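Some notes on the structure that comes next.
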Amino acid sequence: MNTPRPRGLVAAIAYLAVAAVGTTAYWIVFFTSGALQVQRDAAYLAFEKAFPLADGWMAACAALAAVGLWRGRPWGFLFGLLAASSLVFLGCMDVLWNLNTGSYAIGSSAMTAEIVINVFCLAGGTLLIVYLWRHRRSLA
């Protein structure tokens with residue numbers, strides 16, 4: 001017997017897909033044009049260059065979660081939790097850097113993009129954890 005899909009599942013899948021594709025696009029732009037670089041100093045660039053591997057892990061988990069949840073596979077739930085937790089962790093790292101360095105005071109389109117990313121990671125990741133956990137019986 002098939003369990004009906006929980007309400008909001010398509011939104012959760014879309015969020016995961018945006019996380020996977022958006023993260024990939026971010027790094028392509030960051031390294032090719034520099035348009036998303038908030039600063040140009042060595043410390044900032046070293047900090048940012050420490051993220052691609054972790055972001056790659058998160059994006060892979062998000063992509064697997066989106067596919068798994070769409071197909072109704074239990075591993076979609078697992079990778080959804082892994083992606084959501086990774087998003088929260090990455091968001092926390094970024095927020096603390098921005099607070100410690102005063103980067104939120106920089107008035108630029110790149111900083112605006114960083115703020116959007118921080119909210120996307122922290123709020124979206126947290127909401128996704130709550131959503132997945134509430135619906136674990138029908139998703140896992």
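Predicted model only: the values in this text are computed from it and were never measured.
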query: With no hydrogens and no angle check, is any side-chain donor or acceptor of Asp94 less than 3.5 Å from a backbone partner on Leu90?
result: no

task: With sequence neighbours excluded, give me every ring pair (Phe, Tyr, Trp, His ring centres under 6.0 Å) pair touching residues 49-91.
output: Phe47-Phe51

- request: Please work out whether the ring planes of His135 and Tyr131 are parallel, tilted or perpendicular, with thresholds of 30° and 60°.
  value: tilted

statement: Rounding to 0.5 Å, atoms OG (Ser109) and CD (Glu114) come to a distance of 11.0 Å

task: Measure from the side-chain N and O atoms of Ser85 to the backbone N and O of Leu81, and report whether any donor-acceptor pair falls under 3.5 Å.
output: no

- request: Evaluate whether atom CZ of Arg40 has more than 12 neighbouring non-hydrogen atoms of other residues, nucleotides or ligands under 6.0 angstrom away.
  value: yes

- request: Is it possible for you to say whether Val18 and Ile28 belong to one hydrophobic cluster, with membership spreading through side-chain heavy-atom contacts below 4.5 Å?
  value: no

field: Side-chain (Arg73) to main-chain (Ala65) donor-acceptor, under 3.5 angstrom
entry: no

Atom pair CH2 (Trp27) and OG1 (Thr23), whose distance is rounded to the nearest 0.5 Å: 9.5 Å

- request: Evaluate whether atom CG of Leu53 has more than 12 neighbouring non-hydrogen atoms of other residues, nucleotides or ligands under 6.0 angstrom away.
  value: no

query: Can Ile117 be reached from Met111 by stepping across I, L, V, M, F, W or Y side chains whose heavy atoms are under 4.5 Å apart?
result: yes

- prompt: Is there a donor-acceptor pair under 3.5 Å between the side chain of Tyr15 and the backbone N or O of Leu127?
  reply: no

statement: Value for CG (Leu139) from CG (Leu9), rounded to nearest 0.5 Å, stands at 6.0 Å

task: Check the pair Phe31 / Leu36 against side-chain contact (heavy atoms from CB on, under 4.5 Å), numbers first and verdict last.
output: CA-CA 9 Å; Phe31 285 115; Leu36 294 172; over 6 Å; no

- line: Of all heavy-atom pairs linking Pro6 and Ser138, the shortest is CG-OG, 3.7 Å

task: Taking all heavy atoms of Tyr44 and all of Val38, pick out the closest pair and write down the distance.
output: OH-N, 3.0 Å

message: Looking at Glu48 and Gln37, would you say the former's side chain and the latter's main chain have a donor-acceptor pair under 3.5 Å?
response: no

Heavy atoms of other groups near Arg134 CZ, more than 12 under 6.0 Å: no

- line: Correct closest heavy-atom pair for Ala140 and Pro74 would be C-CB, 3.8 Å

Between Ser103 and Gln39: side-chain donor-acceptor atoms closer than 3.5 Å: yes

Donor-acceptor contact present, side-chain Tyr26 to main-chain Val21, <3.5 Å: no

query: What's the shortest heavy-atom distance between Gly125 and Val88, and which atoms?
result: C-CG2, 3.8 Å

task: Flag the pair Trp133 / Leu128 as yes when at least one side-chain heavy-atom distance between them is below 4.5 Å, and no otherwise.
output: no

field: CG on Leu87 to CG on Leu82, rounded to 0.5 Å
entry: 11.0 Å

query: Are Phe30 and Val116 connected in the hydrophobic side-chain network, where two residues link if heavy atoms are under 4.5 Å apart?
result: no

statement: Note: Ala62 and Leu16 closest approach over all heavy atoms is CB-O, 3.5 Å

- prompt: According to a 4.5 Å side-chain heavy-atom criterion applied to Ile, Leu, Val, Met, Phe, Trp and Tyr, with indirect links allowed, do Val29 and Leu45 form part of one hydrophobic cluster?
  reply: yes

